[in-house]
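Below you'll find the structure, written out as structure tokens, and then a few comments.
Counting from 1, the numbers follow the sequence of the chain as shown. Since the model is a prediction, treat every value here as computed from it, not as a measurement.
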Amino acid sequence: MEFEKLVTLALENLKENSVYQLLQSDMDFQQESNAEGCAEQSYIRLDLTEKQRAVCQRLLDCRDKQDFEYGTHAYIAGLM
């Protein structure tokens, strides 16, 4: 199990470096990133209660974690 964790950490490091370079030159990704920034600013300006913000943040955190895990597994599967 420890070996698997070390390999996963090493692959994540490689993935981050190579993915970053690819995303920098991907215009579609850059447009989506800008759209996300605009959506985030709209979210920040909403008049939500702390409880509503917490619910929204929990949803976003869950989605981010799931997306990250999927990306990691997809990258490893691609290497296999």
Let me have the donor-acceptor pairs involving side chains of residues 54-66, under 3.5 Å, with sequence neighbours excluded, atom names and distances please.
unit_1: Gln57; atom_1: NE2; unit_2: Asp61; atom_2: OD1; d: 2.8

Taken in chain and number order and not counting sequence neighbours, the residues that satisfy side-chain contact (heavy atoms from CB on, under 4.5 Å) with Thr49 are Lys51, Gln52
Search all heavy atoms of Asp26 against all heavy atoms of Asp28 and return the closest pair with its distance.
OD1-N, 2.9 Å
Can you tell me how far the CD atom of Glu32 sits from the CE atom of Met27, to the nearest 0.5 Å?
12.0 Å
Tracing side-chain links under 4.5 Å among I, L, V, M, F, W and Y, which residues wind up in one group with Tyr43?
Ile44, Leu46, Leu48
Please check: side-chain N/O of Gln30 versus main-chain N/O of Ser25, any donor-acceptor pairing under 3.5 Å?
no
Residues two or more places apart in sequence or in another chain: which of them pass side-chain contact (heavy atoms from CB on, under 4.5 Å) with Asn34?
none
Quick one: side-chain contact (heavy atoms from CB on, under 4.5 Å) partners of Glu36, sequence neighbours excluded?
none
